[in-house]
Asks: 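Sharing a structure, written as structure tokens. Questions coming.
Atoms within each ligand, like the ligands themselves, are counted from 1 in listed order.
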Amino acid sequence: MSVKKKFTATVAAGAIFSGGFIGLTSEKSPISITAEETQEEKVGVDKKSPENVIVMVGDGLGVGQMEIARLLESGKSGDLFMESLENVGLMRTYSADNAVTDSGAAGTALATGEKTYNGGIGVDSEGQETDSILDLYQDQGKKVGVISTNTVTDATPAAYTASVADRDGQDEIARQMLEHQYDVLLGGGADYFSPESQDGTDLVEEFQSSGYEVVDNESSLEDAETPEKLLGLFNDSYMSYKTDRDELNSEEPTLEAMTQKGLDVLSQDDDGFFLMVEGARIDHAAHAADATGVWQETMEFDRTVEQVVNWAEDRDDTMVVVLADHETMGMSATEPMDIEGLKDIEVSPEYMAQQLATDEETGTFSVESVKQVFQEYANIDLTDQEVDQFLTKIEDNDGEVYAAYRVGWEIGSVIADHYKVGALDTDIRAESGTGGHTGNMVPVFATGAGSEDFEGVMDNTDIIELIANSAKDNNGKGPENSNGKGKDKGKGPNK
Ligand SMILES: [Zn+2]
């Protein structure tokens, strides 16, 4: 097995939603894995593993978020598609150093089977490098890819593809993605590939000259057909919230369009593939207690799950696993929740934050603009006292107004209170290193080849083993090259 040289990880830079601001560092010096060490890995990808694996991560997608999406979308008798998958379980998500994980440690557990500290990416709790399941699939000559509505270099996709050494992590991750020649990389984060971030080097040009087709909007993605390697960067930062795309005249592709292209590229030869697809902005909306955003982002994710399962349905060689990395903000659908009021909101709290006007004299937002924004975008008439409370919450201890995303969190919480959405108190969020993640168990759904072992209560470190070591009938030929690991029940795909 080839072993990639990576670096000891410390903190994913810029991972504002991943709890990266905690500032954990490892005192270990960079360690590369020796061949001897890799033999101790608990999983191996071999002929017994499913030919194609698609892991779909709803970031921050707990059962409360699912219920809010279901109620807003189709009422109490409606269903989400993902609920129809036949194998269902629950998963614990705690990290090596905290009962509540960030997205970096959670992604690392899912991708490598190792618990790490919050802020760590692609390393175990000692800071030692471990290969991800995506690397193991690539080592077997299979195509691999990651797709996210986040920056393609942020926590979850990063945990599958790279490790970072310092606070410039996302720049470094972009360079590692080029070095490892992953076949499909689609998402936001163009800034991290730019000459400004890369000491004058245009990383996108480097990708092109090493054989990648590069696309940057919905139509160029569509026109790309099926190149051998594809890089798509559709936003400088995160891809836009679903709710804001009309307002912003966005030309970004949907998660469904990115995922369909990913499947087309990765499945063009018969060697098999590993694909991770992340609906990342469910978590970002949940940080703001934004039920409207959670609904829109969860429905996009659910439609993508349906598309992927339909694609896989006629095959007996493909496993689809749908799960969350953790829950965010303890969100719940309460009895008095105003469903119609929430459905009428047409932009995200972050967009609203960007519409606020600063009062030159006070240095903070003007009372009139706060009232006007809440009225125009959320149909809420705030009293003077409520505006006062809001203005107090959006300033740090030094009286400085927080960045737009955190102002958005406070706007979202005012809206959630008004429309009776269940969510963590803003003081608890302020005290959380993760910005309001919780330790609630999250749902896991699975279907296809080898998926019948996804049941009961699992730990997030179990997932990689359940994928790689799952038994597969392989059209009645039985598993070949079995190494005795895993649970060989000799069952065929469960359809
Ligand atoms: Zn988060």
Side-chain angles (χ1 to χ4, degrees), residues 11-24 57-66 68-69 91-95 97-111 116-121 148-159 169-170 187-189 237-239 241 276 278-291 293-294 296-298 301 323-332 348-350 402-410 412-413 416 423-426 428-443 460:
V11 175
I16 51 174
F17 296 104
S18 313
F21 49 85
I22 299 168
L24 289 169
V57 181
D59 198 324
L61 181 63
V63 291
Q65 284 78 3
M66 286 178 61
I68 286 168
M91 190 179 79
R92 294 206 170 101
T93 65
Y94 66 92
S95 71
D97 68 344
N98 202 311
V100 175
T101 190
D102 76 324
S103 284
T108 299
L110 295 172
T116 190
Y117 44 84
N118 284 3
I121 289 195
S148 178
T149 49
N150 203 330
T151 64
V152 75
T153 45
D154 205 352
T156 310
Q170 296 206 44
S237 177
Y238 309 115
M239 291 181 68
Y241 283 112
M276 192 288 295
E278 181 188 32
R281 307 223 73 187
I282 301 167
D283 172 68
H284 300 176
H287 276 283
D290 169 19
V294 163
Q296 293 287 336
E297 298 297 327
T298 302
F301 181 69
L323 42 64
D325 54 350
H326 56 77
E327 199 275 343
T328 302
M329 287 291 280
M331 289 190 77
S332 60
S348 70
E350 195 173 308
Y402 284 128
Y405 80 92
R406 289 200 62 172
V407 175
W409 289 5
E410 297 305 328
S413 287
L424 290 191
D425 183 81
T426 56
I428 297 174
R429 177 174 59 203
E431 280 181 40
S432 306
T434 60
H437 293 181
T438 75
N440 289 354
M441 285 198 286
V442 292
N460 56 6

Asks: Which heavy atom of Asp59 sits nearest a heavy atom of Ile282, and at what distance?
Replies: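 Shortest heavy-atom separation between Asp59 and Ile282 comes out as O-CB, 3.3 Å.
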
Asks: Without swapping roles, check the side chain of Asn118 against the backbone of Val100 for a donor-acceptor pair under 3.5 Å.
Replies: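 Yes, the answer is positive, given that a donor and an acceptor are paired below the 3.5 Å cut-off.
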
Asks: Please determine if the Zn ion (ligand 1) has an N/O/S atom from His284 lying under 2.8 Å away.
Replies: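 No - counting backbone and side chain alike, His284 has no N, O or S atom under 2.8 Å.
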
Asks: Can you sort out the partners of Ala324 under side chain to side chain contact (heavy atoms under 4.5 Å, CB included), two or more places apart, ordered by chain and number?
Replies: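 Leu61, Val442.
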
Asks: So, Asp102 and the Zn ion (ligand 1): N/O/S under 2.8 Å, yes or no?
Replies: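 False for Asp102.
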
Asks: So, for Thr108 and Ile121, which heavy atoms are closest and what is the spacing to 0.1 Å?
Replies: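 Nearest heavy atoms, Thr108 then Ile121: OG1-CA, 3.4 Å.
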
Asks: Output the atom name for the N/O/S atom of His437 with the smallest distance to the Zn ion (ligand 1).
Replies: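 The nearest such atom is NE2.
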
